[in-house]
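The analysis underlying the following values was restricted to heavy atoms, covering all of them including side chains, and did not include hydrogens, waters or symmetry mates. Both ligands and their constituent atoms are indexed starting at 1 by order of listing. If you're wondering where the values come from, they're calculated on a predicted model, not measured in any experiment.
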Amino acid sequence: MIREPMTSFCYMDISGQVRGRGFPTSVLEKRLASGVGWTPTNIMFTPLGTIAPSPFGPFGDLKLHADRNAEANVDFGDGSPKEHFFLCDVFETNGSRWDCCPRNLLRSAAADLKREAGVTLRVAFEHEFFYSGARGRVGDMYALDGVRRHGAFGETFLAALGQCGILPDSYQSEFGEGQFEVSFPPEEPLTACDKAIILREMARGTAWRLSHTVSFSPRMSPASIGNGLHIHMSLWDEAGLPISHDPKGPRGVSATAGKFLAGVLKYMPAICAFTAPTPVSYLRLVPHMWSAAWSSLGYRDREAGIRICPTFDTFQSSTAEQFNFEYRAADASACPYIQLAAIVRAGLAGLKEGLPTPEPLVEQDPGAFTDAERQRRGIVRLPATLGAALDALDADATVKGFVPPLFLKAYLANKRAELALSKDWTPDEICNRYSEVF
Ligand code: GLU
Ligand code: MG
């Protein structure tokens, strides 16, 4: 059969989907110069296949301009079409950046963190997902046999990632039947998000070629374990030195990192609207699911809003270099640029407000996990529904200021429309529907 190689320019929108336009690869150089046309209302697509009431209506035009550093170009070697796409920034027709460009929300948040606080962030995403082709057996949690039973998926997926310049840190069978986890080493924020998006697409692309599907949805069914997206972060100064760690700080947290984390925790209930942005997100953020139910800083605690991760004396890198924090109230139904922009802005607010380092919750602390103790420490239960998270966002003037007013308007309208569509669905229906989408 005849075939013309095709390349696409894409972006990830509010609904957490990668969308864009393709063209013959033969005109790639021309397209890299000119971009491809786009429409403002496209950012109002919901993950449920509808368009939310749009502040843009049928009007206006935009351009998607590719970032040459955000390219996926993979030949699976099975005769199927190559996966060839670039992730893009969104521009106005006059060449200025669009206020609702998700990538630019993160770029400007990271730039402000550097300019206003002299801090850069290094970020690593840890993804969990289910693969439909891995028939599990009772008791195979984290089992080698789990990896064996998913056949060629793992190695093909890793090869596809390799062709995109992504070298995973680890790949393993997870707790759930047919659940797997993949993580990659720290990167600067924009690259980390690009890689997270490419990784999800490569997982889908691999599964599709094997006549199966993957799902990164936060909860596949009310009976299953959740799919977390854990966002590892560390702080670095302008000279490129690690500044998260201070051996004299509480559980090793430096004063600078303490302010950053205090900001993230202070604004966590409201930024959940960005980091856990769908109704199904809140079927995961419940106690005793090893996810995150509280706005707490936990020392090596996998149920804290933010976990202080372990360091190992046996590693070649220093404790200061290894020291990092894991934001756990996040999932892959979010657009990572928006998610991380909100976290960066909250951390920067904490730095500017000079907030004190939160007292880390430690397993051995007597009574640390009681309601009274949480109240004393200012720890709150995270929103229990998307509606509550959107209300928390809408009620928080500081967090609303984390994004341009036009984006905030579009975001709230989009998410409220999604909520209205799903408001009468049972937990089973919510899980079923979103497991197909993500
Ligand atoms: N599956 C858990 C979650 O939903 C995470 C398990 C782990 O700590 O790896 O976040
Ligand atoms: Mg895990």
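Relative ring orientation between Tyr434 and Phe438 is described as parallel, the plane-to-plane angle staying below 30° on a 0-90° scale split at 30° and 60°. Between Phe184 and Phe125, the angle of the ring planes lies from 30° to 60°, which puts this pair in the tilted group.
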Extract all donor-acceptor atom pairs below 3.5 Å that involve side chains of residues 171-180 and protein atoms in other chains or at least two apart in sequence.
unit_1, atom_1, unit_2, atom_2, d
Tyr171, OH, His150, NE2, 2.8
Glu174, OE1, Tyr142, OH, 3.2
Gln179, OE1, Gly176, N, 3.0
Gln179, NE2, Gly226, O, 2.8
Gln179, NE2, Asn227, OD1, 2.9

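Here Phe85 pairs with nothing under the ring pair (Phe, Tyr, Trp, His ring centres under 6.0 Å) rule; sequence neighbours left out.
Across all their heavy atoms, Met289 and Glu303 have their closest contact at N-OE2, 3.6 Å. When every heavy atom of Ala392 is checked against every heavy atom of Pro269, the shortest pair comes out as CB-O, 3.8 Å.
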Atom pairs, nitrogen or oxygen, ligand 1 to protein, under 3.5 angstrom:
unit_1, atom_1, unit_2, atom_2, d
ligand 1, 1 (N), Glu128, OE1, 2.7
ligand 1, 1 (N), Gly226, O, 3.1
ligand 1, 4 (O), Gly228, N, 3.4
ligand 1, 4 (O), Arg284, NE, 2.8
ligand 1, 8 (O), Arg328, NH2, 2.8
ligand 1, 9 (O), Glu128, OE2, 3.1
ligand 1, 9 (O), Glu174, OE2, 3.1
ligand 1, 10 (O), His230, NE2, 2.9
ligand 1, 10 (O), Arg284, NE, 3.3
ligand 1, 10 (O), Arg284, NH2, 2.7
ligand 1, 10 (O), Trp290, O, 3.2

Inset, instruction - Test Thr191 against Glu188 for side-chain hydrogen bond (donor to acceptor under 3.5 Å, both in side chains), laying out the working first. - result: CA-CA 6 Å; Thr191 308; Glu188 60 92 18; 2.5 Å; yes
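For the pair Arg374 and Trp294, the cation-pi test (distance below 6.0 Å, angle within 45°) is passed.
Panel detail: the Mg ion (ligand 2) has protein N, O or S atoms under 2.8 Å away, 3 in number.
In this structure, Asp428 and Pro222 have side chains that are in contact, with non-hydrogen atoms separated by less than 4.5 Å.
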